[in-house]
Amino acid sequence: MSSLDRVVMKFGGTSVKDAEMIKKVASITHEKYSGGVEVVVVVSAMSGTTDQLLEIGENLKKGKKQKANQLIDEIETRHKNTINQVISDKKLLGEVLGEVGEVFGELRLLADEMDNFIDRSFDYLMSFGERLSAPIVSAAIQDIGVPSTHLTGREAGVITNQCYGSAIPLSESNKRIKESVLPLLNESVPVITGFIGCSKNGDITTLGRGGSDYSASTIGRAIDADEIWIWTDVDGLLTTDPSVVPDAKTLKRISYREAMELSFFGAEVLHPKSIEPAIEKNIPVRVKNTYKPSFKGTLIVKDEEKVEGVVKGVSAERDVALVNITGMDIIGTPGIAADAFGALANADINIIMISTGSSEPTISLLVDEKDLSRATKALKTEFSDNTIEEITSDPEVSVITVVGSGMAGTPGIAGRVFTAIGRKKINIIMISQGSSEFNISFVIKNNQTKKALTQLHKEFGLHNINY
Ligand code: ADP
Ligand code: ASP
Ligand code: MG
């Protein structure tokens, strides 16, 4: 194994949720740094803060300024209490309280003046969580004797496109990040806000919910890190979500592709886009538990490396919705599907899954739940000429995905999946298998998700794996 000289360590929301956890983060950082490793820390907002910021935005939108200010007070009290509990050095304490106080001043000003609710101002609002946690984590690291500075994603050089709410870092970020971060590594641990980037015209952008993982791998790619470590609240990447199936097992080693498939279809522990930058530079990604730093966690490696097992995991994505387009004209009229796809593409809506019945006059499309109302509106406009009888939707559905690179070329897996699901009398609404045969996905009603995950986990013996 190659030696570890440079590592990016990302700590998620629960890993910085209170004073005790922030001290753990500082101690983990200290251990690596004092062992001669160059460390870059990427932080999320303290858990729950981004949700509160969203709530502030929603209240402001409705003109409920008082409620918004009350939420800001709550965030401020929590952050200031945490600072007081974490920092023992008086001078440092004063400095960080002052700095965080200034950020709150800016947040209050924004809340006061925010009356145009364009995406850009929302991203600016959402960025405050990480802008508050980074100075605290950096001060906690300094407090135990490790020199540290903190930077926003913008200061670190994360330049993105202008897709507010789910921005993507541009290639020029590589050079910018290198220039701003590398010089800091000789003498300190830079703490960089996750989730935040900056468009070419200088506006703050955000990389999508859970996007700090993506920030970490973007930074890791730019500075040629030896490894990217994602610190979280579970033992690694598990065979399924342990909060749903308690006997889920930690996968010791899996391939980039498998990790991507699992995260794309709901394994929240990794942001779906976070593996791509690692693949580009072949940087191993490790997922580790902040509560148990000595536990090895999961190592995510290049696809060609030998990883054992056929089925590796099952995941569930609940934030999806089904749209059904029904009309007798669908059978035998060419172009209706193309019109539907075109209308959704024009509205910037991604289609996750498609199914058309050859005998039934229905086209079913699976979209992100957040896009549902825009999708139905776009389709109703497209088919306002009555070629279509009905457009219905169902947000109460989930996609279940079975993942494993060994599934390709192993016959009988699909049969086992659907027999096991059938045995539990779970109705399947839609099925899809990627051409890579790395996954089989199907759609069911939300209220059967737990049953389906438990059943498939058992069917493939995932509670017994040792790889
Ligand atoms: P963080 O705040 O560290 O970014 P997240 O909440 O984004 O953490 O992700 C961790 C959570 O992901 C876990 O607590 C777990 O419930 C959930 N999860 C879903 N699927 C998986 C999986 N396959 N392996 C591990 N965790 C999973
Ligand atoms: N704070 C952001 C969120 O809650 C980003 C992250 O935690 O990764 O979505
Ligand atoms: Mg996360």
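In listed order, ligands and their atoms are each counted from 1.
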When you compare ligand 2 with Asp213, is there at least one nitrogen or oxygen pair between them that comes in under 3.5 angstrom? no

For ligand 1, which part of Thr240 has a heavy atom less than 4.0 Å away: the side chain, the backbone, both, or neither? backbone

Between Phe195 and ligand 2, is there a nitrogen or oxygen pair with a distance under 3.5 Å? no

Thr232 heavy atoms within 4.0 Å reach ligand 1 at atoms 1 (P), 3 (O), 8 (O), 10 (C)

So is Thr50 polar-close to ligand 2, meaning N/O to N/O under 3.5 Å? yes

Measure across Gly313 and Leu262 and return the closest heavy-atom pair with its distance rounded to 0.1 Å. C-CD2, 3.9 Å

Is Gly211 near ligand 2, meaning one of its heavy atoms is under 4.0 Å from it? yes

Touching ligand 1 at all, Gly236? Heavy atoms, strictly under 4.0 Å? yes

Return yes or no for this condition: an N or O of Gly13 is under 3.5 Å from an N or O of ligand 1. yes

CZ/Arg78: more than 12 non-hydrogen atoms of other groups inside 6.0 Å: yes

Is Asp241 in polar range of ligand 1, meaning some N or O pair under 3.5 Å apart? yes

On the 0 to 90° scale, with breaks at 30° and 60°, tag the Tyr214-His271 ring pair as parallel, tilted or perpendicular. parallel

Looking at Thr240 and Val314, would you say the former's side chain and the latter's main chain have a donor-acceptor pair under 3.5 Å? yes

Exam field: side chain Asp226 to backbone Arg6, donor-acceptor pair closer than 3.5 Å: yes

Who's the nearest protein heavy-atom neighbour of atom 7 (O) of ligand 2, and how far? Ser44 OG, 3.1 Å

In terms of residue, atom name and distance, what is the protein heavy atom nearest to atom 5 (P) of ligand 1? Glu268 OE2, 4.0 Å

Other residues, nucleotides and ligands only: do more than 12 of their heavy atoms fall within 6.0 Å of CD on Glu31? no

Once you restrict to heavy atoms under 4.0 Å, what part of Val269 touches ligand 1? Side chain, backbone, both or neither. both

Does Gly210 come within less than 4.0 Å of ligand 2, judged by its heavy atoms? yes

Can you tell me how far CD1 of Ile349 sits from CG of Asp368, rounded to the nearest 0.5 angstrom? 9.5 Å

Suppose we measure from atom 6 (C) of ligand 2 to each protein heavy atom; which comes out shortest, and what is that distance? Ser212 OG, 3.3 Å

Looking at ligand 2, would His271 count as a contact under a 4.0 Å heavy-atom criterion? no

Taking Asp235 as the fixed residue, which of Lys296, Lys292, Arg286 is the one that meets the salt bridge (Lys or Arg N to Asp or Glu O under 4.0 Å) rule? Lys292

Taking both backbone and side-chain atoms of Ala267, is any N or O found less than 3.5 Å from an N or O belonging to ligand 1? no

Give me the ring orientation class for Phe442 and Phe418: parallel if the planes are under 30° apart, tilted from 30 to 60°, perpendicular past 60°. perpendicular

Contact atoms of ligand 1, heavy-atom distance to Lys10 under 4.0 Å: 4 (O)

Got the closest protein heavy atom to atom 3 (C) of ligand 2, with its distance? Arg209 NE, 3.4 Å

Heavy atoms only: give me the nearest Val39-Val189 pair and the separation to one decimal. O-CG1, 3.6 Å

Quick one: do Lys312 and Glu261 make a salt bridge, cutoff under 4.0 Å? no

Which residue holds the protein heavy atom closest to atom 24 (N) of ligand 1, what is that atom called, and what is the gap in Å? Leu238 N, 2.9 Å

Can you find a non-hydrogen atom of Asp233 under 4.0 Å from ligand 1? yes

Counting from 1, what ligand 1 atoms have a heavy atom of Thr14 closer than 4.0 Å? 2 (O)

Rounded to the nearest 0.5 Å, the CD1 atom of Ile196 sits from the OG atom of Ser127 at a distance of 4.5 Å

Any side-chain to backbone donor/acceptor pair from Glu130 onto Ser44? Under 3.5 Å, distance only. no

